[in-house]
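Okay, so here's the structure we're looking at.
As the structure is a prediction and not an experimental result, all values here were calculated from the model.
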Amino acid sequence: MDHYRPKSAIIGVQGPGYWWLAYVASNYRLACGFCNSGGAQINGQRGRRTKSNHFPLLDESTRATGEHCDHTKEQQVLLDPADDRDARLLGFDTDGQARRRSGASRSAAERSRSVCRADETIRILDLNRELLIEDRKTAMGDISRLAPLLASANSAPAAREMIERRIGLRSEWSTAAQEALRTHPQAAGALARHDSHPSQLGQTAPAFRDEVDLTDLDFLVSAGVLKPGFTLTATHGSDLREATVLADGRISCAGRVWSTPTSAARAVTGQHDIDGWAFWTINVNGIATSLEELRDPFRRQPTN
């Protein structure tokens with residue numbers, strides 16, 4: 001068990017934490033020991049603590065600073081597992097890696113700050129550490145093996161029972177299992193028709209389509225400005241950092257894949273206030289050009 005809003009201090013913020021919420025039940029969340037007290041392991045090296053006292057906001061001006069402030073008006077970065085709307089923003093790929101769910105668009109606040117809440121939650125909580133990926137892959141693999149058996153009259157009852165157990169809300173890795181079931185729509189439909197758990201698969205996150213999303217690199221890849229395999233570089237102190245642009249606009253660096261330049265930059269530097277668009281550069285005709293410079297012409301384009 002841990003506090004969602006930290007009670008004693010907030011990393012990167014002067015002053016105390018949310019002391020007045022220390023004993024308020026609605027501020028408690030179930031948390032694994034790793035997130036509550038452990039440290040991230042990246043490439044075999046012990047790193048920073050994960051959740052700890054992190055509680056960044058998209059807009060610091062909304063920060064509640066005392067018991068008479070309305071903390072419900074805050075625009076928090078970390079996804080809240082107790083909020084179904086937030087839970088729908090996080091998904092998993094077939095390799096068991098946590099990522100922003102496909103089709104889940106970002107809010108206007110995220111787009112204006114070039115931040116992806118799902119990506120930042122994955123980074124801060126280290127949700128793609130090796131042990132988690134392995135267990136998710138096992139759960140997802142089980143579903144993929146069981147799903148085709150629903151088409152057989154002989155094997156369907158046993159397969160259905162095992163799938164229901166896997167996707168049950170009290171089961172470990174149930175969200176990853178549900179994500180795997182979504183990739184087998186016929187099996188999911190058969191399960192729903194059997195009146196099993198039709199609502200447990202949930203809905204996809206709501207889409208925000210009022211303006212162009214310039215938060216990740218997908219629009220630059222689609223426009224041909226960046227090509228898959230291009231190398232991004234940056235200097236942090238005396239160290240050279242490198243990253244690779246992927247076909248879907250995501251970025252591979254430090255042994256992980258990130259949705260946005262900002263989360264990738266923060267991952268390789270360990271700093272929580274870096275703007276990845278200014279941090280990463282690419283060589284254009286022998287000149288180091290920042291991603292921000294590549295993005296600027298698209299900002300000036302009409303959105304309709």
Side-chain angles (χ1 to χ4, degrees), residues 1-2 4 28-36 38 40-41 50-51 78-104 117-119 121-207 248 250 255-257 259:
M1 190 72 72
D2 197 5
Y4 179 55
Y28 284 89
R29 302 291 183 272
L30 292 175
C32 68
F34 182 92
C35 282
N36 195 18
Q41 295 273 346
T50 51
K51 169 62 171 68
L78 290 176
L79 299 182
D80 184 356
D83 187 331
D84 186 57
R85 295 168 299 179
D86 280 1
R88 296 201 302 267
L89 296 175
L90 196 64
F92 306 97
D93 63 21
T94 55
D95 291 324
Q97 296 249 8
R99 61 176 296 181
R100 180 176 61 92
R101 179 166 289 169
S102 177
R117 293 181 64 217
D119 226 34
T121 300
I122 292 167
R123 179 184 67 83
I124 292 171
L125 302 186
D126 200 21
L127 295 182
N128 281 333
R129 54 190 183 271
E130 187 174 345
L131 289 178
L132 292 184
I133 292 175
E134 291 176 357
D135 287 334
R136 288 186 200 124
K137 286 180 68 174
T138 298
M140 298 176 83
D142 288 346
I143 295 296
S144 294
R145 286 187 293 271
L146 290 168
L149 299 180
L150 292 177
S152 168
N154 293 330
S155 57
R160 184 180 301 113
E161 181 181 352
M162 295 177 72
I163 291 175
E164 288 175 351
R165 191 182 307 125
R166 273 294 195 184
I167 68 173
L169 295 180
R170 294 182 180 274
S171 299
E172 279 193 305
W173 318 112
S174 59
T175 304
Q178 292 169 23
E179 194 76 15
L181 188 58
R182 288 189 183 91
T183 66
H184 299 276
Q186 290 184 331
L191 210 63
R193 287 192 297 274
H194 195 261
D195 196 28
S196 303
H197 301 278
S199 62
Q200 281 189 195
L201 292 184
Q203 304 171 357
T204 56
D248 59 1
R250 292 189 297 163
R256 305 285 171 84
V257 175
S259 296

- Is I167 close to L181 at the side-chain level, that is, under 4.5 Å between some pair of heavy atoms? yes
- Note on the structure: Those residues at least two apart in sequence (or on a different chain) that pass salt bridge (Lys or Arg N to Asp or Glu O under 4.0 Å) with D135 are none
- Item | side-chain hydrogen bond (donor to acceptor under 3.5 Å, both in side chains) partners for D80, two or more places apart | R29
- For residues 138-155, the salt bridge (Lys or Arg N to Asp or Glu O under 4.0 Å) pairs (sequence neighbours left out) are D142-R145, D142-R166
- Check: T175 and L90 side chains under 4.5 Å, non-hydrogen atoms: no
- Item | Student check: side-chain heavy atoms of L78 and R117 closer than 4.5 Å | no
- Query: Can you name the residues that form a side-chain contact (heavy atoms from CB on, under 4.5 Å) with T94, not counting sequence neighbours?
  - Reply: none
- Those residues that, when tested against S144, pass side-chain contact (heavy atoms from CB on, under 4.5 Å) (two or more places apart): H184
- Item | salt bridge (Lys or Arg N to Asp or Glu O under 4.0 Å) partners for E161, two or more places apart | R165
- Item | Residue list, side-chain contact (heavy atoms from CB on, under 4.5 Å) with A158, at least two apart or on another chain | none
- Note on the structure: Residues passing the side-chain hydrogen bond (donor to acceptor under 3.5 Å, both in side chains) test with T138, sequence neighbours excluded, are none
- For D93, what residues pass the salt bridge (Lys or Arg N to Asp or Glu O under 4.0 Å) criterion, not counting sequence neighbours? none
- Counting distance only, does the side-chain N/O of R250 pair as donor-acceptor with the main-chain N or O of S259 below 3.5 Å? no
- Results of side-chain contact (heavy atoms from CB on, under 4.5 Å) for S174 - residues two or more places apart only: S171, Q178
- Going from CG on L132 to CZ on F92, what distance comes out if it is rounded to the nearest 0.5 angstrom? 9.0 Å
- Item | Contacts of R136 that satisfy salt bridge (Lys or Arg N to Asp or Glu O under 4.0 Å) - sequence neighbours left out | none
- Taken in chain and number order and not counting sequence neighbours, the residues that satisfy side-chain hydrogen bond (donor to acceptor under 3.5 Å, both in side chains) with T183 are none
- Non-hydrogen side-chain atoms of R100 and L89 separated by less than 4.5 Å: no
- Just wondering, do R123 and R256 contact through their side chains at under 4.5 Å, heavy atoms? no
- Side-chain contact test, heavy atoms from C-beta onward, threshold under 4.5 Å: evaluate it for R160 versus L150 and give yes or no. yes
- Without swapping roles, check the side chain of N128 against the backbone of Q97 for a donor-acceptor pair under 3.5 Å. no
